[in-house]
Amino acid sequence: MDTKMLIKEIIDLDKEKKDVVVQGWVRTRRDSKGFSFIELNDGSCLKNLQVVIDHSIISAAHLKKITTGSSIKVKGDIVESPGKGQKWELMGREVFILGEADPNKYPLQKKRHSDEFLRQIAHLRVRTNKYGAINRIRSTVSYIIHNFLQERDFFYIHTPIITSSDCEGAGDLFQVIKKGEKKDSFFKKDAYLTVSGQLTAEAICLGLGRVYTFGPTFRAEDSNTPRHAAEFWMVEPEMAFFDLNDDMDLAEELIKYVVKTTLKQRAEDIELFSKFLDKGLFSRLEKLINEPFVRIEYTEAINILEKAEKKMGFQFKPKWGEDLQTEHERYLTEKYFNGPVVVYNYPKEIKPFYMRLNDDGKTVAAMDILLPKIGEVVGGSQREERFDVLVKNMERLEMKIQDYEWYLDLRRYGTVKHSGFGLGFDRLIMFLTGVSNIRDVIPFPRTPGTLNF
RNA sequence: UCCCCGGUAGCUCAAGCGGCAGAGCGGGUGACUGUUAAUCACCAUGUUGGCGGUUCAAGUCCGCCCCGGGGAGCCA
């Protein structure tokens with residue numbers, strides 16, 4: 001009886017194995033006199049399996065159909081390869097062509113393509129080394145994040161994708177309406193796609209203790225940058241009895257754990273990026289694991305930036321009370337500290353209503369984690385647990401308090417100190433791989449003016 | 001949304017001042033070879049993003065539009 005095997009399993013074999021079946025997609029075929037070499041990939045790992053086909057087992061007409069992009073099934077024996085470049089190869093005994101790929105039309109050639117071209121054929125680009133690796137890394141990182149949090153007694157919770165109001169005040173929302181009907185015909189009120197699961201996660205947190213969401217979020221901003229997408233994934237832990245320091249500790253520990261574990265579990269895939277895309281990748285990742293993140297107060301960050309202003313000639317003057325500009329973030333992470341920077345205690349005026357007011361009355365217990373090249377990867381805060389202060393905030397911002405009665409209930413009844421943060425999953429993948437455009441770490445990216453597939 | 005750059009063969013790109021549209025890769029055919037992005041020879045690539053204008057003549061100049069990229073803004 002033949003054994004169905006993944007190429008990943010074959011690569012790891014420690015001895016030869018008879019009667020094996022392998023299925024996959026052909027990357028290239030090289031013909032010799034009497035036999036052909038096929039590079040076969042099944043997606044299970046970066047490496048291809050070299051398949052040797054003796055021309056006595058296949059007709060010339062069939063062989064011709066085994067072209068780049070076609071899918072085949074091969075039965076045979078795994079034997080040690082006499083050639084250089086691979087330990088094992090599959091000596092074919094029977095070959096079945098599962099699906100042909102007309103070489104005159106198949107868009108992926110055995111050469112490098114530009115990212116822009118591959119984006120147009122996102123349904124096929126996963127068959128390249130680079131995009132196969134990205135998707136494997138996404139899967140592994142997801143699993144690692146779940147592992148990390150579950151081991152620390154966090155519960156994975158599910159917050160709604162369709163939300164009832166623009167609670168978070170987070171920029172532009174996508175509205176949800178029933179096709180062909182008025183905007184409020186279904187829910188009898190306005191409905192939107194979520195921009196964050198935070199507020200509902202807080203509710204579950206104040207009952208379960210430690211929770212997290214991990215799901216898609218949506219922003220309707222007309223942002224055309226390599227770091228923004230209209231649909232992206234976030235991890236949002238929310239913890240009872242955590243203050244801002246606990247919050248920063250957890251976020252830093254999580255990021256370090258993810259990087260360290262991914263380097264171990266997806267070494268081959270990460271190596272591809274460090275070799276061909278970003279020579280400095282390994283040293284940047286190693287540095288992140290081994291050194292504590294710099295933590296500075298917003299006020300200190302402004303001081304540093306003001307001192308650097310003359311030398312750097314910033315387009316925007318750093319000024320207390322204003323948000324940090326992209327050029328400011330880059331100066332801090334890429335020049336001044338050359339590594340991850342956590343900035344905390346921001347002016348209350350530039351942060352949302354739910355962040356906890358500090359004793360100085362001017363700043364809130366907020367924190368952002370900035371990474372070199374990527375910018376903000378984490379945004380979090382200690383939440384305002386004091387009923388009176390929270391209501392005052394909402395009044396200052398002229399919010400409709402009646403829409404948030406349920407949220408205020410969380411402070412009316414058994415309120416406790418609690419904190420949380422949101423981690424941009426796709427930006428984390430960018431940092432891990434050195435891929436510089438978010439459109440290339442999301443399998444089917446959604447951006448303004450682009451909705452394909 | 002604003003500023004800048006670009007769109008020429010399937011892909012990546014070239015074409016001095018407006019004067020016959022080209023190369024490499026990929027593809028096809030053949031040769032050679034336990035090959036490794038194989039190698040060598042030959043063959044075919046085309047509405048120069050779209051519409052309009054200037055001109056004897058437009059890939060090239062002008063206008064509008066579409067698409068892509070970079071930067072900025074927006075961004076829990």
Side-chain angles (χ1 to χ4, degrees), chain A residues 27-39 47-54 64 67-69 79 81-86 89 91 101-121 129 159 163 166-173 194-202 213 217-230 232 234-236 238 276 314-316 323-327 329-330 346 350-355 364 366-368 375-376 378-381 383 420-424 427 436-440 447-450 452:
Chain A
R27 287 291 174 81
T28 68
R29 190 189 86 219
R30 294 182 291 270
D31 296 325
S32 280
K33 196 165 204 158
F35 41 88
S36 294
F37 300 96
I38 294 165
E39 293 291 331
K47 284 203 180 80
N48 300 325
L49 177 67
Q50 174 158 287
V51 178
V52 186
I53 303 294
D54 193 292
K64 254 180 87 174
T67 56
T68 300
V79 299
S81 176
K84 282 173 193 149
Q86 62 281 318
E89 64 186 24
M91 192 56 77
D102 184 345
N104 279 308
K105 291 181 184 158
Y106 186 62
L108 289 173
Q109 306 166 355
K110 41 183 176 181
K111 58 170 277 193
R112 279 207 200 167
H113 294 285
S114 66
D115 292 325
E116 292 78 16
F117 170 69
L118 291 171
R119 232 169 264 159
Q120 296 166 18
I121 51 166
N129 287 338
T159 50
T163 58
D166 57 348
C167 314
E168 298 85 4
D172 300 320
L173 298 147
T194 183
V195 296
S196 162
Q198 181 198 314
L199 299 191
T200 41
E202 276 186 61
T213 69
T217 44
F218 308 87
R219 301 286 164 87
E221 264 99 37
D222 194 7
S223 300
N224 284 290
T225 87
R227 295 176 303 279
H228 292 85
F232 62 99
M234 273 208 302
V235 182
E236 295 179 280
E238 194 70 34
F276 295 111
F314 292 130
Q315 195 189 333
F316 294 90
D323 227 332
L324 299 182
Q325 302 291 322
T326 302
E327 60 181 345
E329 294 181 358
R330 296 194 65 151
Y346 283 81
I350 57 171
K351 289 291 180 184
F353 76 99
Y354 51 74
M355 295 189 175
V364 290
M367 64 100 173
D368 284 352
E376 181 182 345
V378 164
S381 68
R383 319 305 189 191
F421 62 85
L423 170 108
R427 288 185 179 176
S436 56
N437 196 316
I438 200 165
R439 296 173 180 90
D440 296 328
T447 51
T450 306
N452 302 320

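Numbered from 1 within each chain, the chains take letters A, B, ... in sequence-line order.
- Within the 4.0 Å cut-off from OP1 or OP2 of B:C75, not a single side-chain nitrogen or oxygen of A:Arg219 is found.
- When heavy atoms are screened at a 4.0 angstrom cut-off, A:Glu89 is found touching base atoms of the nucleic acid.
- Out of B:G69, B:A76, B:G73, the shortest distance to the side chain of A:Phe316 is found at B:G73.
- Side-chain N/O atoms of A:Gln325 include none lying less than 4.0 angstrom from OP1 or OP2 on B:A72.
- Atom CG of A:Asp115 is separated from atom P of B:G69 by 10 Å (rounded to the nearest Å).
- Using a 4.0 Å heavy-atom cutoff across all strands shown, A:Ser436 reaches no nucleic acid atom at all.
- In this structure, CZ of A:Phe117 is placed 6 Å from P of B:C11, rounded to the nearest angstrom.
- With B:A72, B:A38, B:C74 as the choices, the nucleotide that has an atom nearest any side-chain atom of A:Arg30 turns out to be B:A38.
- Between A:Asn437 and B:G70, a side-chain N or O to OP1/OP2 separation shorter than 4.0 Å is present.
- Nucleotides B:U45 and B:A23 are separated by 13 Å at their C1' atoms, to the nearest Å.
- A distance of about 14 Å separates the C1' atoms of B:G59 and B:G6, rounded to the whole Å.
- A donor-acceptor contact under 3.5 angstrom links the side-chain atoms of A:Gln109 to the base of B:G10.
- Considering only side-chain atoms of A:Asn224, the nucleotide from B:G70, B:G68, B:U1 that sits closest is B:U1.
- When each of A:Gly34 and A:Gly449 is assigned the nucleotide of RNA chain B bearing its nearest heavy atom, the one mapping closer to the 5' terminus is A:Gly34.
- Using a 4.0 Å heavy-atom criterion, one finds that A:Gly83 contacts the bases of the nucleic acid, with or without backbone contacts as well.
- The P atoms of B:C43 and B:U48 are separated by 25 Å, rounded to the nearest whole Å.
- Spacing of C1' atoms, B:G7 relative to B:C13, comes out at 12 Å, to the nearest Å.
- In a base pair of the Watson-Crick type (N1 to N3 plus N6-O4 or O6-N4) or a G-U wobble (N1-O2 and O6-N3), with each distance short of 3.5 Å, B:A72 is matched with B:U1.
- Taking only side-chain atoms of A:Thr28, from C-beta outward, the nucleotide of B:C11, B:A72, B:A38 with the closest atom is B:A38.
- Remark: side-chain polar atoms of A:Gln50 are not paired, donor with acceptor, to backbone N or O of A:Glu89 under 3.5 angstrom.
- Using atom C1' as the reference point in both B:G71 and B:G52, the two lie 32 Å apart (nearest Å).
- A sub-4.0 Å separation between OP1 or OP2 of B:G26 and a side-chain N or O of A:Lys105 is absent.
- The P atoms of B:G50 and B:A9 are separated by 11 Å, rounded to the nearest whole Å.
- Atom CG in A:Asn104 sits roughly 13 Å away from atom C1' in B:C43 (whole-Å rounding).
- For the pair A:Phe218 CZ and B:A76 P, the interatomic distance rounds to 17 Å; values are reported in whole Å.
- Nearest to the side chain of A:Pro103, among B:G27, B:G73, B:G34, sits B:G27.
- Rounding to the nearest 0.5 angstrom, the gap separating the CG atom in A:Leu173 from the CD atom in A:Glu221 is 8.5 Å.
- Not one side-chain nitrogen or oxygen of A:Arg112 sits closer than 4.0 Å to the OP1 or OP2 atom of B:G26.
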Next on the checklist: Would A:Arg219 and A:Thr217 count as a side-chain hydrogen bond (donor to acceptor under 3.5 Å, both in side chains) here? Give the steps.
Outcome noted: CA-CA 7 Å; A:Arg219 301 286 164 87; A:Thr217 44; 5.4 Å; no
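- If you measure from atom CG of A:Asp222 to atom C1' of B:A72, you get 13 Å, rounded to the nearest angstrom.
- In this structure, B:G6 and B:C67 make a Watson-Crick or G-U wobble pair, each of the two defining distances being under 3.5 angstrom.
- Distances shorter than 4.0 Å separate some side-chain N or O of A:Lys33 from OP1 or OP2 on B:U33.
- The interatomic distance linking A:Asp31 (CG) with B:G28 (P) rounds to 11 Å, in whole Å.
- One P atom belongs to B:G46, the other to B:G34, and the distance between them is 37 Å to the nearest Å.
- Remark on RNA chain B: of its neighbouring residues A:Gly424 and A:Thr225, the 5'-side contact belongs to A:Thr225, judged by nearest-heavy-atom nucleotide.
- Counting non-hydrogen atoms under 4.0 angstrom, A:Lys351 reaches nothing in the nucleic acid.
- Among the protein residues, A:Gln50 comes within range of the nucleic acid bases, having at least one heavy atom under 4.0 Å from a base atom.
- Taking only side-chain nitrogens and oxygens, A:Ser81 never comes nearer than 4.0 Å to OP1 or OP2 of B:U36.
- Separating the CG atom in A:Leu423 from the CD atom in A:Glu236 is a distance of 9.5 Å, to the nearest 0.5 Å.
- Atom-to-atom, CD1 of A:Ile121 to P of B:U12 comes out at 10 Å; the value is rounded to the nearest Å.
- A:Arg29 comes within 4.0 angstrom of no nucleic acid atom, judged by non-hydrogen atoms across all strands.
- Counting non-hydrogen atoms under 4.0 angstrom, A:Tyr106 reaches nothing in the nucleic acid.
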Checklist entry - Could you go step by step and tell me if A:Phe35 and A:Ile53 meet the side chain to side chain contact (heavy atoms under 4.5 Å, CB included) rule? => result CA-CA 5 Å; A:Phe35 41 88; A:Ile53 303 294; 5.8 Å; no
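- Nearest to the side chain of A:Thr326, among B:A72, B:G70, B:G68, sits B:A72.
- Residue side chain A:Ser223 reaches the base of B:C74 through a donor-acceptor N/O pair under 3.5 Å, judged by distance alone.
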Next on the checklist: Let's go through A:Asp323 and A:Tyr346 carefully: what are the C-alpha distance in whole Å and the side-chain angles of both, what is the deciding distance for side-chain hydrogen bond (donor to acceptor under 3.5 Å, both in side chains) to 0.1 Å, and is it a yes or a no?
Outcome noted: CA-CA 9 Å; A:Asp323 227 332; A:Tyr346 283 81; 5.8 Å; no
Checklist entry - Stepwise, does the side-chain hydrogen bond (donor to acceptor under 3.5 Å, both in side chains) test hold for A:Arg27 with A:Asn129? => result CA-CA 10 Å; A:Arg27 287 291 174 81; A:Asn129 287 338; 2.8 Å; yes
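- The side chain of A:Phe35 approaches B:G34 more closely than any other nucleotide in the set B:G34, B:G73, B:G68.
- For A:His228 against B:C75, a side-chain-to-base donor-acceptor contact under 3.5 Å is present.
- Taken to the nearest 0.5 Å, the OG1 atom of A:Thr68 stands 8.0 Å off from the OH atom of A:Tyr106.
- Interatomic distance, A:Met234 CE to A:Thr194 OG1, rounded to the nearest 0.5 Å: 7.0 Å.
- Between the OH atom of A:Tyr346 and the C1' atom of B:C75 there is a distance of 13 Å, rounded to whole Å.
- Contact annotation: A:Ser32 side-chain N/O to B:C32 OP1/OP2 distance is not under 4.0 Å.
- Contact annotation: A:Lys110 reaches the phosphate of B:A38 (side-chain N/O to OP1 or OP2, under 4.0 Å).
- For the P atom pair drawn from B:U55 and B:C62, the interatomic distance equals 16 Å after rounding to whole Å.
- In the model, A:Tyr354 has no side-chain atom that pairs as donor or acceptor with a side-chain atom of A:Glu202 under 3.5 Å.
- Using a 4.0 Å heavy-atom distance criterion, A:Pro107 is classed as making no nucleic acid contact.
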